[in-house]
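Note sheet for the following structure.
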2 protein chains.
Amino acid sequence: MVSTTRSVGRPRVSVLSRRLIAETALRLLDEGEDAGFRMTDLARALGVRVSSLYNHVSGKSAVYAEIREILSERIGEDAAPSPHWDVALRDWARAYRAAFAAHPSTVAVLAVLPVGESSMVSVAYNDLVTQLVSAGWTPAESMNIIVAVESFILGSALDSSAPQDMLDPGGRTDVPVFAAAYEARRETAARDGVAPADLAFTLGLDALLVGLRSQLAARPV
Amino acid sequence: MVSTTRSVGRPRVSVLSRRLIAETALRLLDEGEDAGFRMTDLARALGVRVSSLYNHVSGKSAVYAEIREILSERIGEDAAPSPHWDVALRDWARAYRAAFAAHPSTVAVLAVLPVGESSMVSVAYNDLVTQLVSAGWTPAESMNIIVAVESFILGSALDSSAPQDMLDPGGRTDVPVFAAAYEARRETAARDGVAPADLAFTLGLDALLVGLRSQLAARPV
DNA sequence: ACCTGAACACCGTTCAAGT
DNA sequence: ACCTGAACACCGTTCAAGT
């Protein structure tokens with residue numbers, strides 16, 4: 001938030017940049033209650049008028065694209081490489097989900113936004129495919145594994161970002177078993193001090209990896 | 001599309017209903033290029049003015065909620081019950097994904113929309129939890145399994161609904177292994193006459209179930 | 001109770017004018 | 001090249017009037 005007023009015309013030093021705009025938008029998303037952000041609010045937070053933004057980004061979706069870049073860079077930083085394909089895949093999945101789970105309101109939008117040409121995301125894919133292929137998977141299988149794991153990650157991130165009571169049976173009496181299980185899950189999570197969504201993610205990721213290992217082991221050499 | 005013009009005032013027979021509105025919106029979503037639908041277009045398709053819609057639904061999100069009901073009813077119809085928990089889970093997952101994959105543009109919205117009280121979805125959960133518990137899983141585990149599988153389904157449905165070239169490395173030369181694997185995957189899918197996204201879904205679902213079976217088998221009795 | 005017609009509100013985007 | 005100010009466009013929602 002900049003409090004000085006600025007007159008019309010080009011300022012002496014440039015106030016904005018594509019990256020700064022995206023970082024500010026990300027902050028607004030984190031602070032805000034609701035899913036999106038307003039271009040007006042984004043401009044105000046930058047101490048600028050809305051129309052100024054369009055000198056740096058082509059529109060709102062370009063801001064989201066830049067946000068994806070920010071987040072995907074963090075995935076690369078957090079995921080330490082491992083010589084074991086399954087460990088590498090697991091760590092990548094955890095870092096991927098953590099990056100999104102830290103910014104829940106971005107998930108729904110980014111999940112459907114195409115990956116741009118310049119994206120760092122492709123580099124991470126390249127590394128993973130390399131490792132999977134050298135472990136014995138075919139290139140096509142490697143792609144499918146990555147897409148499957150990524151689908152699970154995005155779905156889990158969506159689940160984390162969904163309202164708490166997304167599935168809450170509430171006061172319904174016609175689904176007693178479901179209601180009891182819902183409650184048991186909440187208690188288990190509370191006792192472990194984690195979010196219910198984390199339990200499901202851990203369970204699912206473990207199951208996926210166990211399954212993949214066993215499928216790789218079972219194949220003809 | 002109704003071509004007759006109607007004068008002001010209450011018509012002799014009611015033209016609209018909540019269900020009809022949602023069915024028409026679903027049809028618009030299927031036919032349309034882009035992700036959403038316009039209330040104006042929805043009204044026109046029903047031969048009515050926009051404001052009329054608000055006599056039956058509280059707003060656009062209520063239309064989406066009704067669409068979810070329509071789709072979830074179809075899941076129930078398609079998924080045949082099985083005495084084996086893993087088969088039941090697999091069939092449910094397939095039916096679930098098929099229902100969404102048939103209407104790609106609904107996925108992104110429905111994934112973040114809370115499940116209403118009256119939803120049929122809860123009934124399906126109740127049945128699945130019952131079956132999982134009697135197979136030996138705890139209630140909390142059963143919930144986590146369902147949530148994990150559902151996350152995978154929604155993520156996969158998002159993947160199916162994403163633009164074809166969502167991950168396309170295009171002409172990039174800095175990610176050769178990824179580009180080759182991407183191409184290999186496309187060829188494999190083309191040879192089998194299925195969408196690439198289907199391959200990833202099948203592989204991932206199989207891995208998940210193999211993993212879950214082995215985890216259930218490995219536990220102390 | 002349920003439709004029409006007109007108005008309002010919100011918000012993303014454009015563009016000439018200014019330095 | 002980059003900001004301001006004003007206008008425009010689009011679209012969801014509201015509400016009085018009419019039967």
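All figures in this text were calculated on a predicted structure; none of them were measured in a lab.
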Worksheet item: Whom does C/dA17 pair with, Watson-Crick or G-U wobble, provided both distances fall under 3.5 Å?
Response: none

Worksheet item: Rounded to whole angstrom units, what separation is found between the CG atom of B/Leu20 and the P atom of C/dC3?
Response: 11 Å

Discussion item. Partner lookup for C/dC8, please. Criteria are Watson-Crick or G-U wobble with both distances under 3.5 angstrom; report none if nothing qualifies.
Written reply: D/dG12

Worksheet, complete the sentence: dist B/Ser52:OG -> B/Leu16:CG (nearest 0.5 Å) comes out at 6.5 Å

Worksheet item: Counting side-chain heavy atoms from C-beta on, which of D/dT4, C/dT4, C/dT13 comes nearest to B/Val48?
Response: C/dT4

Worksheet item: Take atom CZ in A/Arg18; do more than 12 heavy atoms of anything else shown fall under 6.0 Å from it?
Response: yes

Worksheet item: Are A/Tyr125 and A/Glu150 close enough that a side-chain donor and a side-chain acceptor fall under 3.5 Å?
Response: yes

Fill in: Euclidean distance, atom CZ of residue B/Arg38 to atom C1' of C/dC10 [Å, nearest integer]
17 Å

Worksheet item: Once you round it to whole Å, what is the distance between P of D/dC11 and CG of B/Leu53?
Response: 15 Å

Worksheet item: In whole angstrom, what separates A/Ile21's CD1 from D/dC3's C1'?
Response: 12 Å

Worksheet entry | Whole-Å gap separating P (C/dA17) and OH (A/Tyr54) | 21 Å

Item to complete: Round to a whole Å and report the spacing from NZ of B/Lys60 to P of D/dT14.
Response: 14 Å

Item to complete: Return yes if the base of C/dG5 and the side-chain atoms of B/Ser51 contain a donor-acceptor N/O pair under 3.5 Å, otherwise no.
Response: yes

Item to complete: Calculate, to the nearest 0.5 Å, the distance between atoms CG and CZ belonging to A/Asp30 and A/Phe37 respectively.
Response: 12.0 Å

Worksheet item: Would you say a side-chain N or O of B/Arg49 is under 4.0 Å from OP1 or OP2 of C/dC3?
Response: no

Discussion item. Distance check needed: C/dG5 C1' versus B/Asn55 CG, whole Å only.
Written reply: 14 Å

Item to complete: Would you please confirm or rule out a distance under 4.0 Å between OP1 or OP2 of D/dC3 and any side-chain N or O of A/His56?
Response: yes

Worksheet item: Which is it for B/Thr106 and B/Arg68 under the side chain to side chain donor-acceptor pair (under 3.5 Å) test, yes or no, and what are the steps along the way?
Response: CA-CA 9 Å; B/Thr106 65; B/Arg68 150 173 289 154; over 6 Å; no

Worksheet item: Are OP1 or OP2 of D/dT4 and a side-chain N or O of A/Ser52 less than 4.0 angstrom apart?
Response: yes

Worksheet, complete the sentence: B/Met39 CE to C/dT4 P, in whole Å, measures 14 Å

